[in-house]
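For reference, the structure is listed below as structure tokens.
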Number of protein chains: 2
Amino acid sequence: MKDIRKEKSDKTVERILVAARMVFAEKGYSGAHVDEIAERAGVNKATIYYQIGDKDTLYANVIHQVLGNTAQNIAGAVAKADSPEEKLKAYINCIAENVDKNPELPPIMMREVASGGATLPRVVIEDIASVLTILIGILEDGRKKGVFIETVPFLIHMMIVGTIVFYKKAAPVKDRQLWLPATLKAHDKKLKSSLGEEVAALVLKAIKR
Amino acid sequence: MKDIRKEKSDKTVERILVAARMVFAEKGYSGAHVDEIAERAGVNKATIYYQIGDKDTLYANVIHQVLGNTAQNIAGAVAKADSPEEKLKAYINCIAENVDKNPELPPIMMREVASGGATLPRVVIEDIASVLTILIGILEDGRKKGVFIETVPFLIHMMIVGTIVFYKKAAPVKDRQLWLPATLKAHDKKLKSSLGEEVAALVLKAIKR
DNA sequence: ATTATTTAACTAAACGGTTATTTAAACTGA
DNA sequence: TCAGTTTAAATAACCGTTTAGTTAAATAAT
């Protein structure tokens with residue numbers, strides 16, 4: 001009993017959400033226009049209102065889709081690792097991978113933090129909290145076992161996320177500035193390994209006893 | 001010699017710029033309304049157009065005022081220090097201090113990076129480049145002297161700035177979430193020293209040979 | 001099975017509030 | 001009075017949202 005209409009409308013909703021994610025990431029909430037989202041989705045503006053609702057609801061859907069599942073990914077990745085060091089590596093790499101898979105994550109996160117998380121749905125905040133709880137566990141365990149120094153978990157988290165998110169978004173911007181002084185271009189080498197590995201190495205070295 | 005009118009209009013311009021800085025930081029470019037800026041400045045909207053120009057120009061002025069002079073501060077602070085370690089500490093602390101002095105810096109930076117620096121005036125990009133050049137010098141010198149490992153300067157810069165900016169803006173957000181799980185609140189301790197010192201310690205440890 | 005009816009999905013056009021910008025008049029000190 | 005400055009009011013474009021109508025798939029009736 002396949003309902004052709006249902007299938008089509010599902011695709012429509014998906015196209016709207018994809019377009020919305022892109023436009024919100026590029027322009028931010030107020031900079032994003034429903035007209036542009038509709039155009040990119042190849043859909044009439046009113047269809048967005050019919051299928052999803054107003055701009056707020058649309059944004060909440062995007063946020064949930066973008067930030068929601070990352071938490072479970074992290075939890076899963078960390079659980080597979082054993083030692084605190086391995087767990088922390090998994091934690092960092094998982095964040096880096098999610099950012100890779102999801103180029104809209106950095107700009108959306110940055111703008112959300114910039115605005116003080118004013119529009120964050122509670123569900124998302126709970127997700128973030130669960131991620132932080134995982135990190136606290138790793139750091140505490142590592143300290144008890146004498147492999148980590150004492151740290152402020154929240155600062156470490158900001159270091160991990162801040163570094164990855166900023167680098168991911170700022171590196172292309174820098175590379176685009178072709179007129180930069182030669183000194184800068186000369187040092188414009190690629191990372192030896194992946195961003196996650198590189199950040200993990202730095203953070204681990206920073207907090208190892 | 002003293003032209004009362006000139007003085008008054010100077011103060012008007014200053015009040016406009018201060019108000020604009022606040023509103024742009026809170027709401028971003030498209031979220032900021034000229035009406036609100038005028039209201040906060042205690043000035044008629046048309047005065048903004050008479051004294052400064054359109055919204056774009058106003059924003060450019062704010063960006064210049066906020067990001068422009070930080071570069072010189074950093075250059076000055078670094079020059080006063082001797083060893084690569086001390087220079088790097090000065091570099092990091094200076095950024096942290098500027099962020100402290102200037103609460104509008106984090107949100108504006110984040111949104112600017114999020115949008116791919118689309119609206120950054122060239123002057124500002126040159127300032128950022130000069131700061132990066134300074135960091136490259138420090139790291140290279142330190143590596144030559146055998147006190148630093150080899151690093152990717154741009155990544156280190158993103159680590160420093162990302163950590164400071166994210167922490168500065170996200171910490172208050174987290175503290176406002178009173179309903180967070182007890183585990184998180186328990187670890188909600190203040191930093192032992194200043195944010196700059198703390199980040200400097202971590203980064204130095206991360207890149208020391 | 002064919003026709004008629006209902007319903008889901010979508011669209012074009014318009015509405016109404018918002019907001020950046022302009023204009024012209026009023027004010028203020030020299 | 002006159003130039004520099006500020007203001008209230010008007011303008012025009014923009015943009016989120018609604019409405020009224022269309023298409024076509026699904027269902028019911030014949």
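Chain A is the first sequence line, chain B the second, and so forth, proteins listed ahead of strands; every chain is numbered from 1.
- A donor-acceptor pair is defined here as one N or O able to donate and one able to accept, closer than 3.5 Å; no such pair exists between the side chain of B/K168 and the backbone of B/P106.
- Within the 4.0 angstrom heavy-atom criterion, no nucleotide atom of any strand lies near B/A38.
- Between the P atom of C/dT19 and the OH atom of B/Y29 lies a distance of 14 Å, rounded to the nearest Å.
- Taking only side-chain atoms of A/D54, from C-beta outward, the nucleotide of D/dA8, C/dT11, D/dT17 with the closest atom is D/dT17.
- Between B/S9 and D/dT6 there is no side-chain polar atom (N or O) within less than 4.0 angstrom of OP1 or OP2.
- Regarding A/F24, its CZ atom lies at a distance of 13 Å from the C1' atom of D/dC15, rounded to whole Å.
- Listed pair A/N44 / C/dA12 meets the phosphate criterion, a side-chain N or O lying under 4.0 Å from OP1 or OP2.
- In terms of modelled atom types and a separation under 3.5 Å, the side chain of B/K87 and the main chain of B/A81 share a donor-acceptor contact.
- Going from atom CD1 of A/I37 over to atom C1' of D/dC15 covers 12 Å, rounded to whole Å.
- Looking at B/D141, its side chain never comes within 3.5 Å of a backbone N or O of B/G137 through a donor-acceptor pair.
- Among the protein residues, B/T47 comes within range of the nucleic acid bases, having at least one heavy atom under 4.0 Å from a base atom.
- For the pair B/Q51 and D/dT5, the criterion of a side-chain N or O lying under 4.0 Å from OP1 or OP2 is not met.
- At the phosphate of D/dT6, neither OP1 nor OP2 sits under 4.0 Å from any side-chain N or O atom of B/Y50.
- Residue side chain A/K45 does not reach the base of C/dT11 through any donor-acceptor N/O pair under 3.5 Å, judged by distance alone.
- Remark: the B/H157 side chain and the B/Y91 side chain contain an N/O donor-acceptor pair separated by less than 3.5 Å.
- Comparing D/dA26, C/dA20, D/dG16 by their nearest atom to the side chain of B/Y49 picks out C/dA20.
- Separating the CG atom of B/D56 from the P atom of C/dT19 is a distance of 17 Å, rounded to the nearest angstrom.
- Between the side chain of A/R15 and the backbone N or O of A/V43 there is no donor-acceptor pair closer than 3.5 Å.
- For the pair A/E36 CD and D/dG16 P, the interatomic distance rounds to 10 Å; values are reported in whole Å.
- For the pair A/D35 CG and C/dA14 P, the computed distance is 15 Å after rounding to whole Å.
- Atom CD1 of A/I4 and atom P of D/dT23 are 19 Å apart (whole Å).
- Here D/dA26 presents its P atom at 5 Å from CG of A/D3, a figure rounded to the nearest Å.
- When distances run from any side-chain atom of B/A46 to the nucleotides C/dA20, C/dT11, D/dA8, the shortest one goes to D/dA8.
- Contact between the side-chain N/O atoms of B/K55 and the OP1/OP2 oxygens of C/dA20 is found at a separation under 4.0 Å.
- Residue B/H33 places at least one side-chain N or O under 4.0 Å from the OP1 or OP2 atom of C/dA20.
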